[in-house]
Amino acid sequence: GGATLLTVPAASSLDAIAPGFDNPGGWDLVLRHTAVTYGMPVVFANLCGGHFWGGSRIVDADGTTSRPAGTEPELVVAEIDYDRVREARTRLPTVRDADPRFVQAELARLMSMAEARAH
């Protein structure tokens, strides 16, 4: 649809998940995966202070992460090279090869199955 950047505002706290779960590490994995899958830079802005761990960052289309912010308010700046974005999309053309009609039909089928089981 012409998007060139994904934004992910979050209110992710350290203690929102079960003990032993690495919430910042989980976000790092999700953000890099999303950037590489869609060949698109991702801007992650998380709350900081109190229970919130901060860690805002910018992830390039190839999964390279800027230095994450700390636990205090901080401005994260990165230059986005849209030539590299085009290269990333050429290497892994997830969006180009997607079939939205198939995905929509499959989701409708699964929803129908779930509704039938519920009744």
Side-chain angles (χ1 to χ4, degrees):
T4 57
L5 180 77
L6 296 172
T7 57
V8 180
S12 178
S13 69
L14 283 172
D15 54 1
I17 306 294
F21 182 81
D22 178 11
N23 208 7
W27 271 107
D28 183 59
L29 177 65
V30 167
L31 296 167
R32 289 185 298 112
H33 169 270
T34 300
V36 170
T37 298
Y38 294 103
M40 193 175 304
V42 177
V43 175
F44 174 68
N46 189 30
L47 293 176
C48 61
H51 296 285
F52 300 101
W53 54 273
S56 297
R57 69 200 65 192
I58 300 168
V59 183
D60 202 349
D62 63 6
T64 303
T65 303
S66 68
R67 182 191 59 76
T71 58
E72 298 298 320
E74 186 175 343
L75 177 64
V76 177
V77 178
E79 186 172 321
I80 297 172
D81 182 347
Y82 284 98
D83 287 334
R84 287 183 60 200
V85 171
R86 281 188 288 283
E87 289 171 14
R89 287 183 177 176
T90 300
R91 285 192 311 271
L92 184 64
T94 307
V95 174
R96 183 198 71 202
D97 294 344
D99 186 346
R101 286 187 184 95
F102 171 76
V103 172
Q104 183 179 26
E106 194 60 15
L107 287 172
R109 184 183 70 79
L110 293 171
M111 292 295 294
S112 177
M113 288 172 52
E115 289 170 3
R117 280 195 305 265
H119 296 337

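The figures here come from the full heavy-atom set of this structure, side chains too, leaving out hydrogens, waters and symmetry mates. A quick note: this is a predicted structure, and the numbers were derived from the prediction, not measured.
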Q) Does a sphere of radius 6.0 Å around CZ in Arg109 hold more than 12 heavy atoms from other residues, nucleotides or ligands, not counting ones at 6.0 Å or beyond? A) yes
(Q) Would you say that Thr4 contacts Tyr82 through its side chain, given a criterion of any heavy-atom pair below 4.5 Å between the two side chains? (A) yes
Q. Just wondering, do Arg91 and Asp62 contact through their side chains at under 4.5 Å, heavy atoms?
A. yes
(Q) Going by side chain to side chain contact (heavy atoms under 4.5 Å, CB included), Arg57 matches just one of Val42, Val43, Leu31. Which one? (A)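 Only match with Arg57 under side chain to side chain contact (heavy atoms under 4.5 Å, CB included): Leu31.
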Q. Who passes side-chain hydrogen bond (donor to acceptor under 3.5 Å, both in side chains) against Ser13, sequence neighbours left out?
A.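 With sequence neighbours excluded, Ser13 shows a side-chain hydrogen bond (donor to acceptor under 3.5 Å, both in side chains) to Asp15, given in chain and number order.
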Q) Can you list the residues that meet the side-chain hydrogen bond (donor to acceptor under 3.5 Å, both in side chains) rule with Arg89, with sequence neighbours excluded? A)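 Checked Arg89 against side-chain hydrogen bond (donor to acceptor under 3.5 Å, both in side chains); zero matches.
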Q: Please answer: with hydrophobic residues joined when any side-chain heavy atoms are less than 4.5 Å apart, are Ile58 and Val8 in the same cluster?
A: no
Q: Report whether Val85 and Val59 are members of the same hydrophobic cluster (ILVMFWY, side-chain heavy atoms less than 4.5 Å apart, transitive linking).
A: no
Taking all atoms of both residues into account, what is the closest heavy-atom pair of [X] and [Y], and its distance?
{"X": "Pro68", "Y": "Gly55", "result": "CB-O, 4.0 Å"}
{"X": "Ala98", "Y": "Pro100", "result": "O-CD, 3.4 Å"}
{"X": "Phe52", "Y": "Leu47", "result": "CB-O, 3.2 Å"}
{"X": "Pro73", "Y": "Cys48", "result": "N-SG, 3.4 Å"}
{"X": "Ser66", "Y": "Val76", "result": "OG-CG1, 3.6 Å"}
{"X": "Ala45", "Y": "Ser56", "result": "CA-OG, 3.3 Å"}

**Q.** Salt-bridge present (Glu87, Arg84; N to O < 4.0 Å)
**A.**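 No, this pair does not count.
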Q: Could you grab the distance from atom OG1 of Thr7 to atom CZ of Phe44, nearest 0.5 Å is fine?
A: 12.0 Å
Q | Between CG on residue Asn23 and CG on residue Asp28, distance to nearest 0.5 Å | A | 11.5 Å
Q. Checking Ser112 side chain against Ala108 main chain: does a donor-acceptor pair fall under 3.5 Å?
A. no
